Amino acid sequence: MVRGQAAHPTKTDSMTAQRIDGNALAKTIREEVAGRTQALKARGVQPRLAIILVGDDPASQVYTKHKVNDSTQTGLEATLETFPATLAEADLLARIRELNDDRSVHGILVQLPLPRHMDSHKVIEAIAPAKDVDGFHVASAGALMVGQPGFWPCTPYGAMKMLDSIGYDLRGKHAVVIGRSNIVGKPMALMLLARDATVTICHSRTRDLKALTLQADVVVAAVGKRDVLTADMVKPGAVVIDVGMNRNDEGKLCGDVAYDSVREVAGWITPVPGGVGPMTRAMLLVNTIEAAERTAA
Ligand code: GUN
């Protein structure tokens with residue numbers, strides 16, 4: 001049985017969940033961004049993203065390389081500036097100010113984590129809100145909170161696109177977000193609320209998580225711990241979005257959701273890998289082209 005695009009989740013005992021393919025959706029989104037990039041270029045504007053990496057964290061090196069490659073493949077220009085971990089905070093702030101003033105740069109991204117001697121909050125706040133394509137600036141968070149145009153953090157933005165891709169109508173639905181981070185849990189809850197869902201935010205101090213998730217039509221797991229959500233915690237037919245990025249005992253990438261068992265209960269589920277991860281990457285491109293379009297408007 002194929003569930004209709006706009007159908008509400010229904011579930012019989014014999015069905016396993018429909019997988020929401022983040023790789024396929026991200027590819028479609030990259031193609032859209034490539035089209036928008038071409039249109040801007042035709043008007044003489046080359047969209048440009050400036051990425052700053054401080055230190056030699058191996059994971060950050062991989063992430064920033066992906067961001068550059070994703071950008072280039074979409075027609076966006078991306079520059080990666082790397083600095084030693086000993087860089088003075090004042091020098092980083094000065095470089096950000098230069099990029100703020102550089103009219104050829106539309107997006108600025110400072111890869112996190114920063115070395116311990118730096119105040120990440122202060123650094124993020126130095127980025128001009130109009131170029132904050134990560135959506136981490138307080139101005140971006142505030143804009144999301146009051147429903148004004150700004151930049152949405154890429155991971156929850158990508159999760160929303162996944163819900164949209166199945167035509168899911170959030171109005172009046174109960175969405176449970178597990179995790180309260182500033183870059184995923186809290187903005188995710190605000191995005192779901194803006195679509196008229198009834199939202200519950202759960203966290204490490206939540207009593208009886210299972211009682212809450214069992215009521216949920218949508219569960220977003222964003223904790224960073226394996227098996228936070230198991231099959232006994234999921235209402236049949238629910239949509240399960242897995243934001244986790246963990247390693248299992250064999251060293252393989254896995255999410256926060258016990259995928260193999262939860263997919264026997266859920267109506268839709270996002271896999272790890274191939275779920276929210278590629279969407280996060282795609283949404284950075286969307287925010288960057290959006291930033292460029294706004295300045296060219
Ligand atoms: N480090 C891990 N994920 C991210 C991200 O999305 N943006 C930035 N700036 N740093 C990160």
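Every value quoted in this text rests on a predicted model; they were computed, and no experiment measured them. Remember, it's 1-based here, ligands and their atoms both numbered in the order they're listed. Position 1 is the first residue of the sequence, and the numbers go up from there.
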- Task: Answer yes when Arg30 and Asp70 have at least one side-chain N-carboxylate O distance shorter than 4.0 Å, and no when they do not.
- Result: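 Result for this pair is no, no salt bridge flagged.
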
What side chain to side chain donor-acceptor pair (under 3.5 Å) pairs are there with at least one residue in [range], not counting sequence neighbours?
range: residues 109-119; result: Lys67-Gln111
range: residues 44-54; result: Arg48-Glu77, Arg48-Ser104
range: residues 131-147; result: Glu125-His137, Asp132-Ser140

- Message: Determine whether Thr37 and Thr74 satisfy the following criterion, side-chain hydrogen bond (donor to acceptor under 3.5 Å, both in side chains), listing intermediate values before the conclusion.
- Response: CA-CA 7 Å; Thr37 304; Thr74 322; over 6 Å; no

- Message: Using a 4.0 Å cut-off on heavy atoms, what residues surround ligand 1? Order them by chain and number.
- Response: Lys67, Leu109, Val110, Gln111, Leu112, Asp134, Phe136

- Thr200 and His174: side-chain donor and acceptor closer than 3.5 Å?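 Looking only at side-chain atoms, His174 and Thr200 do form a donor-acceptor pair, the distance falling under 3.5 Å.
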
